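What you see is a predicted model, and the numbers here were worked out from it, not measured in a lab. Residue numbering restarts at 1 for every chain, and letters A, B, ... go by the order of the sequence lines.
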Amino acid sequence: MNSMKKTLATAIAFGALSLGSLPALADTYVIDTKGAHASINFKVAHLGYSWLTGRFNDFSGEFTYDPKNLTASSIQVTINTNSVDSNHAERDKHLRSADFLNVEKFPTATFVSKQIVPDDDGDGDEFDIIGDLTLNGVTKSIKIEVEKVGEGKDPWDGYRIGFEGETEILMKDFNIKMDLGPASQKVKLELHIEGIKK
Amino acid sequence: MIKDSANGYGLLSILLHWISALLVIGLFAIGYYMVDLSYYSPWYHRAPWWHISLGLLLFLLTLARLLWRAINLQPRPLPNYTRAVRLGARLTKYLLYLLIAALVITGYLITTADGKSASLFDWVEFPSIWQLSPTGVDLAGKIHKWLAYGIILLASFHALAALAHHFVIRDRTLVRMLKPVTKSADSQPNP
């Protein structure tokens, strides 16, 4: 009886081990929005003469990252659209309205990755994330170009990794009604993401 | 006469009343028009500039009006007014003052929510005293809109009542708001 128990325990332990080692489990990171080491910035051409920049102050998310098995990595982010901030109260009010983000009806925007496409050199530092962006109630596939900035231990017993990403979306694609003119149809998104290993 | 008396309104009260009336209607029209302007309209910035400036002007005029009202004699109600008429007129008047005050305050709070001041024709700046949260700004915006509709409704009632007094009941109610009270009217004994 006793020996049977022992074998069973060994079997489970082995099973767990092999599960852990075979498809090298990617590390999970929490985006450091608490310490504000991450930002979602946007810019739109103003009349075609300059850039208007703004940001979403409130968001959260997690990602998994494994440089050796990049395609198994993933990310999901939730943005509180009410937190849009372009440093101008009346414009922000307009951005929250039905002319733009429809914050009352769609208080969150989300991004969920579907596929990671590594860059050719294969060191895992550069890749594209293809995923679904849900904004203003519309879900559309977008591609974010990502580059790793750095990673390593932090001075406070944690492990951190940071990326920057860029993409652009057409406002019309996400049913944003306001027309800002021919030079201002696109919104460029500039993403800075630092994760703390779980 | 400039001042009000027991028999009627003086010139200043009459001017304040009609300028305020024009401002209220003008502000409503600009506000209604400006929220749907396209980005490339020449009025996209000009209309809000006028709206904010005239709104602040209405605020100052309303303050002046209440002050002037406080230091003047109240014209006596006309003798033909029933209790209900007096009560209704007074209620409408106070409600209009209250709604205008709330309207101006919400407008000011929206404009100054990020710490910028509100500008009266680029001439006098009203500094920000309270930075509302995004949700607060949106709520203030909604209240501002419904107050505006409420005031227009109430002012229409007020105007219809004045016209009814003039053309149906045929008393001096409307005339009192058009013709400043004279010395001779004051010297006459009150009926």
Side-chain angles (χ1 to χ4, degrees), chain A residues 33 40 42-59 78-109 135-136 170-172 175-187, chain B residues 27 30-56 104-120 122 125-148:
Chain A
T33 42
I40 297 177
F42 60 84
K43 61 179 190 179
V44 184
H46 184 228
L47 307 169
Y49 306 153
S50 74
W51 293 104
L52 176 279
T53 68
R55 51 192 290 153
F56 289 94
N57 288 324
D58 184 11
F59 61 97
T78 304
I79 302 163
N80 177 1
T81 52
N82 196 37
S83 72
V84 65
D85 176 5
S86 70
N87 196 26
H88 189 289
E90 283 155 317
R91 177 169 52 222
D92 292 345
K93 180 175 184 295
H94 196 191
L95 292 178
R96 290 189 299 270
S97 78
D99 277 351
F100 289 94
L101 295 170
N102 237 321
V103 163
E104 208 165 279
K105 217 167 152 198
F106 304 111
T108 55
L135 180 68
N136 193 24
L170 268 173
M171 277 188 268
K172 236 184 250 151
N175 203 17
I176 289 173
K177 293 198 184 75
M178 187 76 184
D179 186 1
L180 294 174
S184 314
Q185 300 292 310
K186 274 186 215 161
V187 176
Chain B
L27 277 163
I30 300 172
Y32 188 84
Y33 167 74
M34 74 182 190
V35 292
D36 286 324
L37 283 176
S38 81
Y39 196 59
Y40 277 62
S41 160
W43 284 94
Y44 192 82
H45 292 292
R46 217 181 281 158
W49 183 84
W50 277 97
H51 188 81
I52 291 165
S53 297
L54 293 177
L56 291 169
V104 172
I105 290 168
T106 48
Y108 161 80
L109 286 175
I110 296 166
T111 303
T112 59
D114 55 5
K116 269 188 321 162
S117 53
S119 162
L120 175 77
D122 295 327
E125 301 287 322
F126 290 69
S128 167
I129 48 169
W130 188 17
Q131 304 202 6
L132 280 184
S133 70
T135 321
V137 172
D138 289 351
L139 183 66
K142 261 186 212 151
I143 295 174
H144 192 76
K145 181 168 125 189
W146 289 113
L147 280 175

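- Residue B:Q131 places its CD atom among more than 12 non-hydrogen atoms of other residues, nucleotides or ligands, all under 6.0 Å distant.
- One side chain, B:T135 or A:N82, offers a donor N or O that lies under 3.5 Å from an acceptor on the other.
- Interatomic distance, B:D114 CG to A:R91 CZ, rounded to the nearest 0.5 Å: 9.5 Å.
- If you measure heavy-atom distances from B:I52 to chain A, the contacts under 4.5 Å come from the side chain alone.
- When all heavy atoms of A:L47 and B:Y39 are compared, the pair lying nearest together is CD2-CE2, 4.0 Å.
- Enclosure of atom NZ in A:K186 is not indicated, since only 12 or fewer non-hydrogen atoms of other residues, nucleotides or ligands lie within 6.0 angstrom.
- For A:W51, the CH2 atom sits in a packed shell: over 12 heavy atoms of surrounding residues, nucleotides or ligands are nearer than 6.0 Å.
- For B:S133, no part lies near chain A; criterion is any non-hydrogen pair under 4.5 Å.
- The CG atom of A:D99 sits 7.5 Å away from the CG atom of B:D36 when rounded to the nearest 0.5 Å.
- Ring geometry for A:H94 against B:Y44 counts as tilted: the plane angle lies between 30° and 60°, on a 0 to 90° scale.
- At most 12 heavy atoms of other shown residues, nucleotides or ligands fall within 6.0 angstrom of atom NZ in B:K145.
- For B:W49, the CH2 atom is densely surrounded, since the number of other residues' heavy atoms within 6.0 Å is greater than 12.
- Counting heavy atoms from C-beta on, the side chains of B:V137 and A:R96 come closer than 4.5 Å.
- Contact annotation for A:D85: neither backbone nor side-chain heavy atoms come within less than 4.5 Å of a heavy atom of chain B.
- Listed here is the closest heavy atom pair of B:Y40 and A:P182: OH-CD, 4.0 Å.
- A pairwise comparison of heavy atoms in B:I110 and A:A89 identifies O-CB, 4.1 Å as the closest pair.
- The nearest pair of heavy atoms linking B:L37 to A:M178 is O-CE, 4.2 Å.
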